[in-house]
Amino acid sequence: MNYSILTEHIKTAFQNKFGTYPIVVQSPGRLNFIGEHTDYNDGFVLPAAIDKYMVAAVAGSDSNMCTVLAIDKKEEFKFSPDHLKPESTNSWRNYVLGVVAEIQKTGKSVPPFNLVFGGDIPEGAGLSSSAALENSIVFALNELFDLKLSKHEMMIISQKAEHNFAAVQCGIMDQYASMFGQEDHALFLDCQTLESQPIKIDLEPYQLVLINSNVKHNLAENAYNERRSLCEKASKLLGIPALRDASLEDIEKLKVTLTQDDYLKIQFVVQENLRVLKAVKLLNKNYIAEFGQLLFEAHAGLRDHYKVSCEEIDFLVDLALKDPAVVGARMMGGGFGGCTINLVEKHKVDHFVEETKNAYHTKFNRSCSDYQVMLTNGTQLIE
């Protein structure tokens, strides 16, 4: 859906529901070129905001309750801002409740409000629809109630909402990229200092194509938290704050302490950090084909060492690897489903997509989806 049409859709739904004019905020999803599972290790990542959005319309409420309409899900939810606790089921409600609760923890008051939200970021695709939703809500409430929060403070509130209400111990990358994205740029983000450098992305003569496997295996959330715990354990064994500070030579010491499988997971994180640094150098020289090879390398590590891929995703990357029109591909996101990112020769994109969809359907008797995306600006007020 065109984002201007999406914005009008959300705004009209709000006016029909509540009879008032809202503040409207849009917040983008994100992709990550390279640097997977490095963010919670204080490492380096290379994300970018993309032109798929979550849009939130918000205005004050005359009652003592907040009313929220999730328009895509056709679900309505009421709650008091004075009595906040996570819902027992893992649902979109926890993102809303979490943002309000985390704002209040900063000492700011959040009066009752009405909210309508929706978007075109495919859920479960690894494009951070949850971070976009969190950012859109905190940004809208900041505008509505003049909370005087900085974008940096809002981003941290979004992350804490994910931690404390959605029970996902995510790093900062998703919220950061969605909040601070820049058109036609990726963000070379240092997750230790939270400082970033915009990297101009000119992929000519290639097109960025995301293929959504349309699967999301239940392993994802537990596996994410397990791997984060392992990385923290390894850092303590090495006597360092985070794996970002470890070299390949340093982690040799862990071979006698960890199982072979766990050692390879730690090795992947250190190698992935090095790949991000190399990727930035290649992109600054516009060496796109060489950059693409790093994507293939990263996927092999995610599949064989970090073990967060799945059969469907591996099949999609193998197809890309065999296609001479594709110079790079890998799984993207936390793992066990979601999207692959592909760099495809522009004049071969239609053929690549058609062949991929046909082969995927033949293999798994299910459909995959494709998105050709552009890099865009971060969370912002629309009206």
Side-chain angles (χ1 to χ4, degrees), residues 1-20 22-30 50-59 61 63 65-81 84-102 112-141 158 161-162 164-168 170 174-175 178 210 212-218 220-221 333-334 337-339 366-367 369 371 379 382:
M1 182 185 292
N2 180 287
Y3 87 86
S4 60
I5 297 174
L6 173 62
T7 300
E8 283 300 314
H9 177 55
I10 299 300
K11 187 173 68 172
T12 300
F14 187 97
Q15 291 168 343
N16 290 342
K17 173 72 176 174
F18 299 109
T20 55
I23 282 174
V24 184
V25 168
Q26 74 174 24
S27 192
R30 69 98 188 97
I50 60 172
D51 58 342
K52 289 191 172 294
Y53 300 97
M54 195 66 72
V55 174
V58 65
S61 171
S63 75
M65 299 290 285
C66 298
T67 300
V68 183
L69 176 61
I71 196 165
D72 300 327
K73 296 182 177 294
K74 299 181 174 61
E75 293 178 18
E76 186 175 311
F77 175 45
K78 292 179 183 286
F79 67 93
S80 167
L84 300 173
K85 61 180 182 179
E87 294 267 303
S88 56
T89 55
N90 185 15
S91 77
W92 60 267
R93 297 180 179 190
N94 282 329
Y95 301 122
V96 181
L97 293 168
V99 167
V100 177
E102 295 301 330
F113 60 86
N114 296 321
L115 167 68
V116 174
F117 73 86
D120 62 354
I121 306 172
E123 191 176 347
L127 302 180
S128 297
S129 58
S130 60
L133 174 57
E134 291 153 357
N135 281 352
S136 68
I137 294 169
V138 68
F139 199 101
L141 294 177
S158 292
E162 194 108 15
N164 298 328
F165 274 69
V168 177
C170 64
D174 296 352
Q175 288 81 8
S178 177
L210 306 181
N212 187 357
S213 66
N214 289 320
V215 299
K216 192 66 178 175
H217 294 286
N218 294 331
E221 192 173 302
C339 283
R366 69 188 311 150
S367 298
S369 308
Y371 319 115
T379 307
I382 299 300

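Small disclaimer: the values here were computed from a predicted structure and weren't measured.
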- What's the shortest heavy-atom distance between Met54 and Gly119, and which atoms? SD-N, 3.9 Å
- Task: For Asn164, enumerate each residue passing the side-chain contact (heavy atoms from CB on, under 4.5 Å) test, keeping only those at least two apart in sequence or located in another chain.
- Result: Glu102, Lys105, Lys160
- Message: Tell me the closest heavy-atom pair linking Ala57 and Ile10, and the distance in Å.
- Response: CB-CG2, 3.9 Å
- Val215 and Arg366: CA distance, side-chain angles, deciding distance, side chain to side chain contact (heavy atoms under 4.5 Å, CB included) verdict: CA-CA 9 Å; Val215 299; Arg366 69 188 311 150; 3.1 Å; yes
- Can you see which heavy atom on Tyr53 is nearest to which on Asp120, and at what distance? N-OD1, 2.7 Å
- Item | Nearest-0.5 Å distance that lies between atom CG in Asn114 and atom OG1 in Thr67 | 5.0 Å
- What distance do Trp92 atom CH2 and Lys73 atom NZ have between them, rounded to the nearest 0.5 Å? 9.0 Å
- Which residues share a side-chain contact (heavy atoms from CB on, under 4.5 Å) with Ser178, sequence neighbours left out: Ser27, Pro28, Ala132, Asn135, Thr379
- Task: Heavy atoms only: give me the nearest Arg30-Ile50 pair and the separation to one decimal.
- Result: N-CG1, 3.9 Å
- Item | Residues in side-chain contact (heavy atoms from CB on, under 4.5 Å) contact with Pro86, at least two apart in sequence or another chain | Asn94, Phe165
- Task: Report yes if some heavy atom in the side chain of Leu127 is under 4.5 Å from a heavy atom in the side chain of Pro122; otherwise report no.
- Result: yes
- Query: Do Val100 and Leu141 pass the side chain to side chain contact (heavy atoms under 4.5 Å, CB included) test, and can you show the C-alpha distance, the side-chain angles, and the key distance before you say yes or no?
  - Reply: CA-CA 9 Å; Val100 177; Leu141 294 177; 4.2 Å; yes
- Query: Taking only residues two or more places apart in sequence, or in another chain, which ones meet Ser367 in a side-chain contact (heavy atoms from CB on, under 4.5 Å)?
  - Reply: His361
- Using the side chain to side chain contact (heavy atoms under 4.5 Å, CB included) rule, take Glu134 and Asp174 through it: C-alpha gap first, then chi angles, then the decisive distance, then the call. CA-CA 10 Å; Glu134 291 153 357; Asp174 296 352; over 6 Å; no
- Query: Does Asn212 reach the side chain of Cys339, with side-chain heavy atoms less than 4.5 Å apart?
  - Reply: yes
- What distance separates Lys85 NZ from Glu87 CD, expressed to the nearest 0.5 Å? 9.0 Å
- Query: Looking at CD of Glu76 and NZ of Lys17, how far apart are the two atoms once the value is rounded to the nearest 0.5 Å?
  - Reply: 3.5 Å
- Query: Nearest 0.5 Å, what's the CD1-CZ distance between Ile137 and Phe117?
  - Reply: 6.0 Å
- Task: Taking all heavy atoms of Ser158 and all of Gln175, pick out the closest pair and write down the distance.
- Result: CB-CG, 3.6 Å
- What residues, two or more places apart in sequence or in another chain, satisfy side-chain hydrogen bond (donor to acceptor under 3.5 Å, both in side chains) together with Ser369? Asn214
- Who are the side-chain hydrogen bond (donor to acceptor under 3.5 Å, both in side chains) partners of Gln15, not counting sequence neighbours? none
- Query: Between Val116 and Phe18, is any pair of side-chain heavy atoms under 4.5 Å apart?
  - Reply: yes
- Message: If you compare all heavy atoms of Ala56 against all heavy atoms of Ser136, which two are closest, and at what distance to 0.1 Å?
- Response: CB-OG, 3.7 Å
- Query: Would Arg93 and Phe79 satisfy side chain to side chain contact (heavy atoms under 4.5 Å, CB included), going step by step from the backbone distance to the final call?
  - Reply: CA-CA 10 Å; Arg93 297 180 179 190; Phe79 67 93; over 6 Å; no
- First locate atom CG of Leu115, then atom CZ of Phe77, and finally report the distance between them rounded to the nearest 0.5 Å. 11.0 Å
